[in-house]
Engineer: 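The structure under discussion is supplied below as structure tokens; questions concerning it will follow.
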Amino acid sequence: MFVLDYQTPEKAVGEVADTYDIFKRKRSPVPAPLQLMSASPGLFKVFFAQLSYFMYHEALSFPLLAAIRLLAAQQLRFDHCVNLNKTWLSKTGLSDQELADLAAGRQAAAFDEAENALLATVAKVLRKEKISEDEIQHLRTFGWKDGDILDACVQGTRMLEMNCLFEAFSK
């Protein structure tokens, strides 16, 4: 899959194998970007630490984070991640219509008003648009902390990083 030496789920050893097992136990494919990061033991640890931070985020749910990644991957035409996040969202209960609404930039019924407002802000960041103080204040009225807002936006913009590396090192 990649021109760099990396560890596949079938041949992983040590800490990489232990990490991949987390996904396998959830009957989830091991994300290809995570596999790519296994080419660098140090970056693998950093990358997984960031994944873990989001996996256990107290305010940003798994479906919301997957929706953010879907929006970002779709904008980048990063098909691998589009498909993976659609699969994960389907497993969490999103209907085909909700996935279509999300993909079209419309509010998805699976998310409440606060989550849809945050998704709209992330979409603006992905389009490299300025976020006003009024918009931040609006998100705060829903209970979002500034750290939550930044975390959600970082989750989306990190997709650009992975897309660049994935494209560069894919066979």
Side-chain angles (χ1 to χ4, degrees), residues 1-94 99 102 111 115 118-119 121-128 131 136 139 143-171:
M1 183 165 32
F2 300 111
V3 296
L4 297 173
D5 287 332
Y6 69 99
Q7 294 187 45
T8 64
E10 301 77 30
K11 296 183 180 178
V13 296
E15 189 174 338
V16 173
D18 294 342
T19 301
Y20 289 178
D21 282 344
I22 294 168
F23 292 90
K24 291 177 183 177
R25 284 193 302 271
K26 294 182 180 189
R27 294 190 175 122
S28 173
V30 176
L34 182 62
Q35 292 181 51
L36 174 59
M37 288 296 110
S38 73
S40 169
L43 280 178
F44 182 84
K45 288 178 186 178
V46 169
F47 189 80
F48 187 67
Q50 289 176 339
L51 281 177
S52 295
Y53 172 73
F54 285 106
M55 286 169 59
Y56 302 105
H57 201 285
E58 67 180 44
L60 304 176
S61 68
F62 177 80
L64 181 59
L65 290 166
I68 290 167
R69 291 189 304 270
L70 175 62
L71 291 176
Q74 182 178 282
Q75 182 173 328
L76 293 165
R77 293 175 180 79
F78 192 7
D79 292 337
H80 170 80
C81 286
V82 167
N83 295 332
L84 182 60
N85 284 289
K86 276 186 178 180
T87 297
W88 283 341
L89 286 166
S90 291
K91 286 182 178 185
T92 66
L94 264 76
L99 286 170
L102 186 61
F111 299 104
E115 292 168 322
L118 187 57
L119 285 167
T121 298
V122 171
K124 284 185 75 171
V125 169
L126 292 169
R127 293 189 305 265
K128 300 179 184 178
I131 306 300
I136 296 299
L139 292 171
W144 295 117
K145 297 175 187 164
D146 288 15
D148 301 332
I149 298 165
L150 182 60
D151 288 351
C153 294
V154 166
Q155 178 77 159
T157 58
R158 285 188 63 232
M159 189 66 64
L160 175 61
E161 168 192 28
M162 287 316 309
N163 179 253
C164 291
L165 294 171
F166 195 90
E167 292 298 320
F169 294 113
S170 289
K171 286 184 181 180

Engineer: Do Asp148 and Leu139 come close enough that some side-chain heavy atom pair is under 4.5 Å?
Structural biologist: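 Side-chain contact under 4.5 Å: no.
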Engineer: Would you say the side chain of Leu165 lies within less than 4.5 Å of the side chain of Met37, judging by non-hydrogen atoms?
Structural biologist: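 Yes, side chains in contact.
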Engineer: Can you find a pair of side-chain heavy atoms, one from Leu126 and one from Met159, that are under 4.5 Å apart?
Structural biologist: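 The answer is no, as the side chains (C-beta and beyond) never meet within the 4.5 Å cut-off.
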Engineer: Could you give the distance from CG (Asp151) to CG (Leu118), rounded to the nearest 0.5 Å?
Structural biologist: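 Interatomic distance, Asp151 CG to Leu118 CG, rounded to 0.5 Å: 10.0 Å.
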Engineer: More than 12 heavy atoms of other residues, nucleotides or ligands under 6.0 Å from NZ of Lys91: yes or no?
Structural biologist: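 Yes, because the 6.0 Å sphere around NZ of Lys91 holds more than 12 heavy atoms from other groups.
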Engineer: Taking all non-hydrogen atoms of both residues, which atom of Tyr6 and which atom of Ser38 are closest, and how far apart?
Structural biologist: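 Closest approach of Tyr6 to Ser38, heavy atoms only: CB-OG, 3.4 Å.
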Engineer: With a 4.5 Å limit on heavy-atom distance, are the side chains of Pro9 and Phe23 in contact?
Structural biologist: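 When only atoms from C-beta onward are counted, Phe23 and Pro9 do not touch, as no gap falls below 4.5 Å.
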Engineer: Anything under 30° is parallel, anything over 60° is perpendicular, the rest tilted; go ahead and classify His57 against Tyr53.
Structural biologist: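 The arrangement is perpendicular - the two ring planes meet at more than 60°.
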Engineer: Which heavy-atom pair separates Phe47 from Arg158 by the least distance, and what is that distance?
Structural biologist: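 Shortest heavy-atom contact: CE1-NH2, 3.1 Å.
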Engineer: Starting at CD of Gln35, measure out to CG of Leu4 and round the result to the nearest 0.5 Å.
Structural biologist: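 Rounded to the nearest 0.5 Å, the CD-CG separation comes out at 13.0 Å.
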Engineer: For Glu58, look at atom CD and say whether over 12 heavy atoms of other residues, nucleotides or ligands are found less than 6.0 Å away.
Structural biologist: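 Open: at most 12 neighbouring heavy atoms sit under 6.0 Å from CD of Glu58.
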Engineer: Using side-chain heavy atoms (C-beta onward) and a distance below 4.5 Å, is Tyr20 in contact with Leu34?
Structural biologist: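 Sidechains of Leu34 and Tyr20: in contact.
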Engineer: State the OG1-CZ distance between Thr19 and Phe44, to the nearest 0.5 angstrom.
Structural biologist: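 Answer for the OG1-CZ pair, Thr19 versus Phe44, is 4.0 Å.
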Engineer: With rounding to the nearest 0.5 Å, note down the distance linking OG1 in Thr121 to CD1 in Ile136.
Structural biologist: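 Output value for this atom pair is 6.0 Å.
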Engineer: Specify the closest pair of heavy atoms between Leu84 and Pro29, including all atoms of both residues, with the distance to one decimal.
Structural biologist: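 Closest pair (atom of Leu84, atom of Pro29, distance): CD1-CG, 3.5 Å.
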Engineer: Check this for me: Arg77, atom CZ, are more than 12 non-hydrogen atoms of other residues, nucleotides or ligands nearer than 6.0 Å?
Structural biologist: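 12 or below, so no.
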Engineer: Taking all non-hydrogen atoms of both residues into account, name the closest pair between Pro63 and Leu89 and its distance.
Structural biologist: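 Minimum heavy-atom contact is O-CD2, 3.3 Å.
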Engineer: Kindly indicate whether the side chain of Pro31, heavy atoms from C-beta on, has any atom under 4.5 Å from the side chain of Trp88.
Structural biologist: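 In contact.
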Engineer: What is the minimum heavy-atom distance between Leu64 and Leu60, and which atoms define it?
Structural biologist: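 Looking at all heavy atoms of both residues, the closest pair is CD2-CD2, 3.9 Å.
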Engineer: Quick one: does Thr8's side chain get under 4.5 Å of Phe2's, heavy atoms only?
Structural biologist: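 In short, these two side chains do not touch, never coming nearer than 4.5 Å.
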Engineer: To the nearest 0.5 Å, what is the distance between CZ (Arg69) and CG (Leu76)?
Structural biologist: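 If I round to the nearest 0.5 Å, the distance is 14.0 Å.
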Engineer: Find the distance between CG (Leu150) and CD1 (Ile131) and round it off to the nearest 0.5 Å.
Structural biologist: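 One gets 11.5 Å once the value is rounded to the nearest 0.5 Å.
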Engineer: Take a 6.0 Å sphere around NZ of Lys24 and say whether it holds more than 12 heavy atoms from other residues, nucleotides or ligands.
Structural biologist: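 Yes, NZ of Lys24 has more than 12 neighbouring heavy atoms, counting only those of other groups under 6.0 Å.
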Engineer: Could you tell me whether the side chain of Phe48 reaches within less than 4.5 Å of the side chain of Glu15, counting heavy atoms only?
Structural biologist: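 No, their side chains stay 4.5 Å or more apart.
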Engineer: Would you name the heavy atoms of Ser170 and Phe166 that are closest together and state the gap between them?
Structural biologist: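 Heavy atoms only, the tightest pair is OG-O, 2.5 Å.
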